[in-house]
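Presented below is the structure to which this report refers.
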Amino acid sequence: MYKTKDGEEIFIIDGHTHFWDGSPANQKNIHGAQFIDCFYGYHNALSPKENLWPKDKFDKYSAEQMYNDLFVDGPDDMAILQSTYLTDFYKNGFNTTERNSAMAKKWPNRFILNGAFDPRDGERGLDELDELAAKYNLKGVKLYTAEWRGDSRGYKLSDPWCYKYLERCEKLGIKNIHVHKGPTIIPLDRDAFDVADVDHCATDFPNLNFIVEHCGLPRLDDFCWIAVQETNVYGGLAVVLPFIHSRPGYFAHVLSELLFWLGEDKLLFASDYGIWTPRWLVEKFMAFELPDEVKRETGTDLTLQAKKKILGLNAARLYGIDVEAQKKKLAHAEAVAAE
Amino acid sequence: MMDAVAGRQHHEVLARLARVTDPELDEPVTTLGFITDVAVEGGHVAIRFRLPTYWCAANFAFLMAEDMRREVAALDWVQRVDVTLDDHMYADTINGGIRRGATFHEAFGNDAAADLDELRLTFNRKSFQRRQELLLRALLEAGRAPEMLVRLTVAGLHAACDDEVLGGLAARYLDRRDIPGSFDGGSLAFVDVQGRPLSAADAMRPYLRSLRNVAVNVEFNGALCRGLLAARFNEAQPDDREPTLRDFMLQALSRQTGEGQGHAQDTAPR
């Protein structure tokens, strides 16, 4: 919970977190080592100096550490666990649904657990999705269209097999499709930043929500264009938000464009934990104001109401969280734990 | 000790390399810190480079390697150019391909769906738009009227850019002015990426805003790349400014004259 200096409570849902194992013991090959190194590079490149972690903590952190960083030291009230398999790089996967479920099992009021699918798994994958949805009561999935699989260097959401999976999601009540569209691993000549495939799906699956993680940067213009036409397309601020520290002027431009094209009801806060921690992100975001010149040019403003929506209310709506009831539940759980 | 001829040759190679840009960042590979070593021996030039991550797009890496080789080979005293990419997941494929003069498609076979011409064009268009935006904003800030700018000719642009900063921006822009189509001194200086004249002067602000989105996208990767490069090679980032070509050349020259052929990462501050 974040409290403004006037004492107002801001309910925070962290839209993108991971409980990963990138440690050398779990790495299958050099790609696994280079993948976590690249994440560590992001961490180093955009974190304030006082929030830098040593590499071994970054490789693999404990459940208690994560809980503390998000909810005790950090201001999150809830967090969404996004699953990333990368089984070609890591022996037990990077952060599979099963690994993430340890967090959700331990602190059920705190976490929303999302699964994943890969349309290249064909019929077998559909069965597995059924099982996964039943086992974890999934309301969302995270898709990584640039992931390698054998000889394949990725897929598109508009592939016929992907449509079968999205149809299945609809049937299973998995309403929220988080799609990684942003800085990517291993784009060869396939344009992995391309967001055009989201456009097709959003039109063809009006009952599903498509949350485009990282807002399609570095293809913000294409993303904004699609999002303005499709009412069920949202922007996830993971990786975008940390620029608030090192490049605040740049961040203001990006955010004002997002507010102009998508509006404050369509943006979701995310720390991308463990790449970044939520405390400094939320503190800086709450203190942030758009410069006058940017406001004038786009006619947008980042009001307190907009901040509240972005930090939690929008995600609560997508995931059917009753914020007042959830606050009571969390307060009760805390009181019990303190006894 | 490097003699005067070798020093001049080295300088010429660096100047050619400064013409090679990262396609997405639209910045010279020299100022981005990608070049780690330039060795000149008679007519033989050996260049080593690196990228911010092991995963950086193979097509971009290939394109830059190709451009480096072509630019340096254009010097009349150069007989052979070797370009080597280090620390990249496709280093072997790319280095082998460049060595045999293969196309991207030939080098990567079935993994590569297309050759690089279209990619090059896409990024040249973005580069045109980005350079145009910077120049237009600078001219507006310097008090030039939008009504005048939409009618300005290329020859007139030269005259209007009467100081060093504007002149530099104009030169960079004119370097890409052929993207929408061929031009001469009498052509309009400012056209959109399709070659159409800019509409009425009151539409200048919305037009600039649309161009700025191109820059915003490019900058996202630019800021990340610099940070990732510094983190990867454990090098300090400058606090207050980006290093310039001049910094790089001074550093490279002092390295060559003082320490022979060490890699930049061996001598960079930790």
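All values below were derived from every heavy atom in this structure, side-chain atoms included, with hydrogens, water molecules and symmetry-related copies excluded. So that the names make sense, note that chain A is the first sequence line, chain B the second, and so on, each numbered from 1.
Looking at A:Phe223, neither its backbone nor its side chain comes within 4.5 Å of chain B, counting heavy atoms on both sides. Contacts between A:Leu46 and chain B at a heavy-atom distance below 4.5 Å involve the side chain alone, from C-beta outward. Residue A:Phe243 touches chain B through its side chain alone, counting heavy-atom pairs closer than 4.5 Å. Interface remark: A:Ser246 contributes no atoms to any contact with chain B (heavy atom separation under 4.5 Å).
Within a 6.0 Å sphere centred on CD of A:Glu289, other residues, nucleotides and ligands contribute 12 heavy atoms or fewer. Other residues, nucleotides and ligands place more than 12 heavy atoms under 6.0 Å from the CZ atom of B:Arg70. Residue-environment remark: CG (B:Asp163) exceeds the threshold of 12 foreign heavy atoms within 6.0 Å. No more than 12 heavy-atom neighbours from other residues, nucleotides or ligands sit within 6.0 angstrom of CH2 on A:Trp225.
Screening residues 37-47 of chain A for salt bridge (charged side-chain N to carboxylate O under 4.0 Å, His left out), with sequence neighbours left out, gives A:Asp37-A:Lys55.
Under the 3.5 Å distance criterion, the side-chain polar atoms of B:Tyr54 are left unmatched by any main-chain donor or acceptor of A:Phe35.
Interatomic distance, CG of B:Asn213 versus CH2 of A:Trp261, reported as 7.5 Å (0.5 Å rounding).
Ring geometry, B:Trp55 versus A:His31: the interplanar angle falls from 30° to 60°, so the pair is classed tilted.
In terms of the side-chain hydrogen bond (donor to acceptor under 3.5 Å, both in side chains) criterion, residue partners of B:Arg209 (sequence neighbours excluded) are, by chain and number, A:Glu257.
Residues A:Ala45 and B:Leu228 come closest through the heavy atom pair CB-N, 4.0 Å.
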